[in-house]
Amino acid sequence: MSDDVLMQLSSNSNPSDRSKLAKLEARMVGKSSSSSPAVQSTWQMPSSVKFGTEELPDSLSSSDSEDDMCCLIQNGREFLIQANTQKRKRVIEDDHIMPLQLYEGAGDGRIKATENTEKGSSLDDSQRKKQVRGRGRQATGRGRGSKSTDQTWPSASPSTVVSSNGHLENSSVHKENWSKEHLENEEKTALKEEISLLHGKVALLEEELRKLRQGAVDHQQLCHQLEKELRDFKDRDQQMKAKRIKILSDLLISVSKSERQEARMKMRQESLRLGNVGVIRAGTVISETWEDGQALKDIHTHLKSLLESKEAIEKHRKSLKKRQSDKGDGSDAETGMSEEDFLIQDEIYKSRLASIKREEESALRERDRYELEKARHIREMKRIRDEDASRFNNFQILNHRYALLNLLGKGGFSEVYKAFDLVEFRYVACKLHSLNAQWSEEKKQSYMRHAIREYNIHKTLVHPHIVRLWDYFEIDHNTFCTVLEYCSGKDLDAVLKAVPVLPEKEARIIIVQIFQGLVYLNKRTPKIIHYDLKPGNVLFDEVGVAKMTDFGLSKIVEDDVGTQGMELTSQGAGTYWKHAGISAFSYFMLLHITNKQSEAEQYLSFEQGICPQNALISTRLHSYRQSWMFGLLA
Ligand SMILES: Nc1ncnc2c1ncn2[C@@H]1O[C@H](COP(=O)(O)OP(=O)(O)OP(=O)(O)O)[C@@H](O)[C@H]1O
């Protein structure tokens, strides 16, 4: 430590002092070799310190010259040494103050750095961080810094100045202790400040927590309230839903009831106009017979009178012709009519006959129209009668969902009701399949198999020209229901029966739609054969889109089964698909357009030749032929 300080001190002394010192030392070394090394070393150190001129003997201070020195040496070498030794002592005594004064000039930074370095070894990392934090605060001028800068280090130098001097060492230790204490105090102050800050933060957080807890409690209460409201709302909604459904079904029922009344009233009126079913009693046998209504009676009477008139005129004409030929070239003996008069009379008869013919044609057209109306009327009568006889005619709600309204029609084994779906809020057609209680279990099973197959095939079909099957459920042991898309238009059978000849354009667009449906059935996997395509199974929706329905006889075509391995019915089905599927339908439509019965008959025999083994199809075709081909085209 002393070497460093000495170096420092010597570097700080001015050059003239240094040369004087060198000279003095040179003399001392040369002339007083007896002086102790301790003294010498002690001497050397303060010699580099700036000597105040007042500290030297006047003779030395007043004269720097070589002569003075020589004089001193000559006059008493001993004195000089003694004087220098005393001075050196004094310098050393004061020395513990001087170097620090010098250091103070050099700046606090270095001392502090030294202190910090020393302290750094004894402080752990956290303490160091705190110091840095403390200094940071000093730099920002937050209290502690100002204190620290106000404090001045004691001007005492560290123990490096004179290590051999006990007093100085104590001072150094004291300073170290002081700086430690100071640091500890600073640390404590910082920690106290930090603790008070943390206390503040804790108080804030506690306040925040309290508020949050309060908020949570409020939220929970709100949540409970909302849950309760939701429950109430759901209950109310449930009650309202039940009410809504009740009101809706009541409305639907009242509309249906009025429709029923209207239908029956219309039927009664139409019965008077178009005809009714009368009862004929022959002994004990009671049979039903058709009695034409007034309009038909009138038209028939009119036609009859026209015919009578025509016959009468024809008769008169014949007698005129006879008289004309009898009279020869002369005039008629009885009437005196000339040849010219005969010709005029004949023209009158001819004209009258032509007029009657026109009237007759008109009356026949009118009769045809009445006949069509009569057919519709008979159909409606049958529907009403079936509705009245049905066990589902009292507006039941099936499966808690389908409100049955009015009967649409009755098939071989089923009744189709218009219904309202109270879940989806749409009209549907409920097809109620009833098994005859008289049937054997085997027959029932067979029917069920057919119905389930129909359902399974039909439910997978989604196409604009195929009636959708929405649902299927059992009603009781002998009855089940399929829910179908509702088609509010007529079926094609009714359309064809309503016109004597269907215009080609209309027939073509119906065929196109049905072909699209058939193409879909043939392209999907697995392919489906409808097997029962007829006008009665083509329905129209409210905008006139044609849709195929009734998949009761349809079959799935297994892809991997070759024609050889197929059942007889399936072989027929494959062929039927080609010929009776697309061709038959278009053929029938074309026949209906061209109205050529011979071609229709030819086609039917051809079709029967394709699948003679399929009794069911043959039966169907037979009824088909009966109801449609011969009924219409004959
Ligand atoms: N989805 C529907 N929408 C509207 N009316 C329908 C619907 N399905 C059937 N109908 C009508 O219900 C009546 C009876 O239909 P159903 O299919 O039971 O009889 P069918 O085909 O004449 O007889 P079968 O099934 O014995 O051949 C028909 O007049 C038909 O117009």
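Just so you know, ligand 1 is whichever comes first in the structure, and atom 1 is the first atom listed for that ligand.
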Can S414 be said to touch ligand 1, with heavy atoms closer than 4.0 Å? yes
Derivation of the side-chain contact (heavy atoms from CB on, under 4.5 Å) call for F551 and V467: CA-CA 10 Å; F551 284 76; V467 170; over 6 Å; no
Side-chain H-bond candidate by donor/acceptor type, T460 with R524, under 3.5 Å: yes
Give yes or no for whether the N/O distance cutoff of 3.5 Å, strictly under, is met between N537 and ligand 1. yes
Is it the side chain (CB and beyond), the backbone, both or neither of K431 that lies under 4.0 Å from ligand 1, heavy atoms counted? side chain
Is there a donor-acceptor pair closer than 3.5 Å between any side-chain N or O of H463 and the backbone N or O of K547? no
Structural part of L539 in contact with ligand 1, heavy atom criterion under 4.0 angstrom: side chain
Donor + acceptor pair across side chains of T479, R391 (<3.5 Å): yes
Could you tell me whether ligand 1 has any atom less than 4.0 Å away from a heavy atom of T549? no
Please report whether ligand 1 has a polar contact with R379, defined as an N or O pair separated by less than 3.5 Å (distance criterion only). no
Would you say ligand 1 has an N or O under 3.5 Å from any N or O of C487? yes
Based purely on interatomic distance, does K410 place a nitrogen or oxygen under 3.5 Å from a nitrogen or oxygen of ligand 1? no
Between E270 and H377, is any side-chain donor less than 3.5 angstrom from a side-chain acceptor? no
Is there a nitrogen or oxygen of Y486 sitting under 3.5 Å from a nitrogen or oxygen of ligand 1? no
When you compare the side chains of S390 and Y417, does any donor N or O come within less than 3.5 Å of an acceptor on the partner? yes
